[in-house]
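Contents: one structure, followed by commentary.
Heavy atoms only: backbone and side chains are in, while hydrogens, waters and symmetry mates are out. The chains referred to below are lettered A, B, ... by the order of the sequence lines, with proteins before strands, and numbering in each begins at 1.
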Amino acid sequence: MTGDVPTERLDDLRQQVRAWCVENVPRDWRSGQTGVSHDEFVAFQQDWLATLRRGGYAVPHWPAAWGGGYSLHEQAVIYEELARADAPRLVLHFVSLHHAATTLLQAGTEQQQKDHLPKILDGEVWCQGFSEPDAGSDLASLRARAIRDGDVFVVNGQKIWASVAMYADWCLLLARTDPSAPKHQGISYFMLDMRSPGIEVRPIRQPSGAEHFCEIFLNDVEIPAANLLGAENDGWRVALQTLSSERGATMVELAERLSIGYRWLLTQALRPVVPGEPAPYDDSGVRDRLGRLASEVEALRLMCRRVLVDDSPQVSSIASMIKLYYSELLQRMTGLGVELAGLPGQVVSARPMSAGWESGEWLLDYLGSWEWTIPGGTSEIQRTIIGERVLGLPKEKATK
Amino acid sequence: MTAADVDEHAELRTVARDVLASSVDSESVRRVMAEGGAPDRDLIGQLAALGWFGIALPEEYGGGGAGFPELCVILEELGYSAASAPVASSALCALAINRYGDAEQRAHWLPGLGAGEILGAAVVGRWPSGATPPSERPVLTSDGTNEVLDGTAEFVLDARVADVLLVCATTADGEPVAVLVETGADGVQPSPRAMTDATRPVDDLRFVRARIASDRVLARGDRAADLARTIELHAAVAIAADSTAVARRVVEMTTRYVKERVQFGRPVGSFQAVKHRAADMFVSTQAAALLIEDACDELGRGSARAAQAASMAKEYACATAVDVAGAALQLHGGIGYTWEHDLHIFFKRALLNDQLFGSGRWHRARVAELVTPSQLPLPSTR
């Protein structure tokens with residue numbers, strides 16, 4: 001159990017962040033970020049990161065020595081206030097600030113940390129090269145091959161679903177270094193410089209029309225052995241650590257954004273689809289569904305908060321629960337938004353960049369919700385994890 | 001909840017579960033069912049000796065000095081074992097007296113209620129009592145020398161076993177009034193309802209010129225309306241606490257069963273179709289438990305969010321228990337669909353809870369009403 005943080009200190013911090021947001025969150029950034037070029041998006045993201053950094057809120061989850069040093073409770077307050085102020089999201093830097101940094105802090109050498117953490121804070125963009133066309137839910141069956149040749153590894157293979165790879169300076173890469181070992185034991189974790197020769201990145205167009213994910217083709221790409229993160233063939237263990245960093249205070253922000261999203265949904269429901277006709281809210285069936293969603297959003301917020309006070313071993317399984325609950329709830333909520341928006345909601349719309357799921361266009365947000373139910377372990381994988389690790393149900397036999 | 005609260009509640013829960021595990025089992029629950037839900041007096045004596053009836057009452061009246069959250073931990077464990085014991089009903093009655101009664105009333109009733117020597121029940125009327133037309137509520141009138149109560153109340157939990165009833169009534173001119181009515185008095189006639197869930201007693205009440213002495217009036221006018229709202233919120237969360245434990249219990253029963261039941265040469269729990277449904281049952285049960293904790297905290301603090309939190313907890317936990325118990329029946333296959341198996345006992349308890357103290361539909365509509373639309377403009381760019 002963690003000790004309780006004095007409420008006054010949290011209240012002070014909340015006031016500080018709130019005041020800071022009033023001064024610093026760019027006004028009308030949503031309309032400003034709609035229909036912009038890639039360059040304008042990147043410039044806006046870098047600018048917002050720099051602004052957050054000046055405020056001291058860019059990396060609250062990092063250790064103090066590297067520019068963070070906030071407790072989990074304090075992080076939650078910061079993320080909550082950013083969400084409430086409807087601040088832009090650091091979508092371009094999400095992997096670098098969370099996955100890359102956490103992995104470096106947990107598995108990196110002192111030199112690796114010194115080389116990369118300050119640059120990440122300066123805006124270096126990272127992507128994650130984990131999934132492959134034939135290694136999705138069964139990630140450990142990945143086949144990208146890294147063969148040692150003196151001081152370098154030579155990598156060949158194909159990665160997929162790497163978000164923001166087209167902008168990335170670095171990639172967190174999983175590749176097989178020992179094909180004869182059992183599948184979880186022959187994988188190594190690398191930092192790959194995306195400017196290395198032999199890399200080709202192709203964006204994938206998604207059903208929403210956006211291009212957020214990419215394929216990465218690796219042809220005889222050389223990675224210095226010094227860029228191994230953790231020991232050779234120990235990459236799977238390191239990767240599990242990275243994936244577990246997706247929980248914690250960042251989920252507080254997502255829950256808070258969902259709570260705001262619910263209230264947008266309510267605003268939507270109060271609006272007649274056809275002027276002069278009753279609003280959807282006047283329908284008791286709609287109110288029934290709204291009431292249920294509100295309860296679920298609250299339950300999600302409470303789950304995220306519970307992680308902050310409870311550090312018992314069981315809490316690691318809460319990560320799976322939160323991921324499952326959040327993504328399924330997001331899908332239902334945005335789905336109701338589509339329903340309430342009626343035919344006008346089906347008209348082609350543009351999505352603001354720098355936002356998360358909450359573009360305000362329900363149809364785009366609904367389509368986008370599969371970015372939550374599939375990546376990072378599908379809802380089905382999460383249910384399997386909960387069934388096996390929490391409920392102790394027997395494993396299904398793997399088929400070769 | 002703070003980390004310390006989490007620890008304390010876990011400890012209280014363990015104690016309560018141990019006690020109930022040794023005194024309540026399938027056989028004793030079935031005995032209660034055969035009696036139409038009336039509790040076993042020995043069990044009541046045992047719970048009284050543990051101080052559970054008065055756990056949330058101030059120490060000056062012999063209570064435990066804890067709060068509503070701790071009471072709800074006890075209520076959950078009673079639900080977990082499908083016990084019949086009017087702990088919630090008595091506590092609601094005591095809560096009203098403690099908060100709205102005068103010093104004499106508190107001194108007269110609370111020690112007995114807290115010790116479990118006097119049992120109470122709450123009559124809030126059709127849900128919510130504020131919306132019940134005065135013509136359908138028990139009416140308090142004066143016959144010149146005394147005030148008397150007339151009218152009926154349906155589906156009152158634990159009325160049969162109560163010594164005293166908290167009745168949210170009305171005056172002839174439609175003013176709310178809250179009175180205490182002793183069940184042994186002339187003109188108070190309970191009649192049992194045969195409910196499909198027979199793990200607890202549910203009764204109709206008829207009041208015929210039942211004399212109400214002036215010291216039995218707890219509150220009038222706005223205070224009485226406020227009392228009714230307070231009792232309703234607490235009742236809703238109390239019954240939701242029972243349901244969340246019913247859900248927890250059937251998740252455990254199901255998990256155990258699907259680990260043991262072998263078909264096609266392996267435990268059925270290894271099949272994804274079964275495993276995933278069990279995982280969903282677990283997750284929604286966890287969510288329900290968190291909403292209950294939150295509602296308890298908010299009610300305990302008397303915060304402005306209490307009504308919203310209470311309705312969320314009520315609608316979600318009660319509906320979840322129904323869904324989870326239904327899924328449990330499915331995952332148990334044929335064996336669960338028998339009178340012999342205990343699942344139906346929990347399923348029916350969950351179904352009744354979903355309708356008691358406001359239906360899920362009512363509470364969801366209330367939640368929709370209480371959560372305010374965004375102050376921020378819609379992000380829509382169109």
Side-chain angles (χ1 to χ4, degrees), chain A residues 1-4 30-31 34 84 86 260 262-264 266-270 281 284 286-292 294-296 298-300 302-303 305-306 309-311 318 321 324-325 344 347 349-350 352 355 358-361 380 382-388 390-397, chain B residues 1-7 251-252 254-255 258-259 266-267 269-272 274-284 286-291 293-294 308-309 311-317 319 360-361 363-382:
Chain A
M1 296 285 164
T2 53
D4 296 319
R30 284 181 186 274
S31 48
T34 303
R84 279 184 197 163
D86 191 32
I260 290 163
Y262 171 78
R263 297 197 284 158
W264 280 330
L266 209 49
T267 310
Q268 177 78 55
L270 289 161
Y281 187 85
S284 65
V286 170
R287 283 201 299 280
D288 194 65
R289 290 166 70 189
L290 285 169
R292 167 44 63 92
S295 304
E296 291 173 324
E298 194 56 38
L300 175 77
L302 294 166
M303 270 181 213
R305 266 177 187 68
R306 176 48 53 88
V309 296
D310 186 351
D311 56 7
I318 293 186
M321 194 167 91
L324 175 65
Y325 203 81
V347 173
S349 54
E358 69 288 9
S359 73
E361 298 292 348
E380 287 68 30
Q382 304 304 337
R383 289 189 180 98
T384 297
I385 291 173
I386 294 163
E388 291 175 4
V390 183
L391 300 179
L393 299 181
K395 287 193 182 220
E396 205 156 12
K397 285 193 188 73
Chain B
M1 285 219 309
T2 64
D5 291 337
V6 174
D7 277 346
V251 168
E252 288 174 14
T254 306
T255 306
V258 301
K259 279 182 201 171
R266 52 179 168 140
S270 67
F271 292 109
Q272 273 196 355
V274 172
K275 187 178 289 170
H276 287 187
R277 195 141 186 212
D280 283 337
M281 289 164 67
F282 172 78
V283 171
S284 51
Q286 292 294 103
L290 289 167
L291 287 171
E293 274 175 17
D294 185 49
Q308 176 186 314
S311 277
M312 284 178 169
K314 166 64 171 101
E315 78 83 8
Y316 192 90
R361 284 177 62 82
H363 284 284
R364 281 189 289 278
R366 186 91 182 108
V367 170
E369 210 175 287
L370 288 172
V371 181
T372 49
S374 177
Q375 310 295 308
L376 295 163
L378 270 174
S380 175
T381 49
R382 218 175 319 134

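- The nearest pair of heavy atoms linking B:Leu291 to A:Ala299 is CD2-N, 3.8 Å.
- Of the residues considered (A:Leu324, A:Asp288, A:Leu270), A:Asp288 shows the highest number of contacts with chain B, using heavy-atom pairs under 4.5 Å.
- Neither the backbone nor the side chain of B:Arg277 comes within contact range of chain A; no heavy atoms are under 4.5 Å apart.
- Across every non-hydrogen atom of B:Lys275 and A:Gly387, the tightest pair is CG-CA, 3.9 Å.
- Remark: side-chain polar atoms of A:Tyr281 are not paired, donor with acceptor, to backbone N or O of A:Thr267 under 3.5 angstrom.
- Proximity to chain A is absent for every atom of B:Glu252, based on heavy atoms less than 4.5 angstrom apart.
- Annotation: side chain of A:Ile386 is not in contact with side chain of B:Asp280 (no heavy-atom distance under 4.5 Å).
- When the candidates A:Arg287, A:Lys395, A:Glu298 are compared by the number of heavy-atom contacts under 4.5 Å with chain B, A:Glu298 comes out ahead.
- Rounded to the nearest 0.5 angstrom, A:Leu393 CG and B:Gln272 CD are separated by 12.0 Å.
- For A:Gln382, no part lies under 4.5 angstrom from a heavy atom of chain B.
- Atom CD of A:Gln268 and atom CG of A:Leu266 lie 10.5 Å apart (nearest 0.5 Å).
- Of the residues considered (B:Arg366, B:His363, B:Arg361), B:Arg361 shows the highest number of contacts with chain A, using heavy-atom pairs under 4.5 Å.
- With a 4.5 angstrom heavy-atom cutoff, A:Ile385 does not touch chain B via any of its atoms.
- When heavy atoms are compared at a cutoff of 4.5 Å, A:Leu300 does not approach chain B at all.
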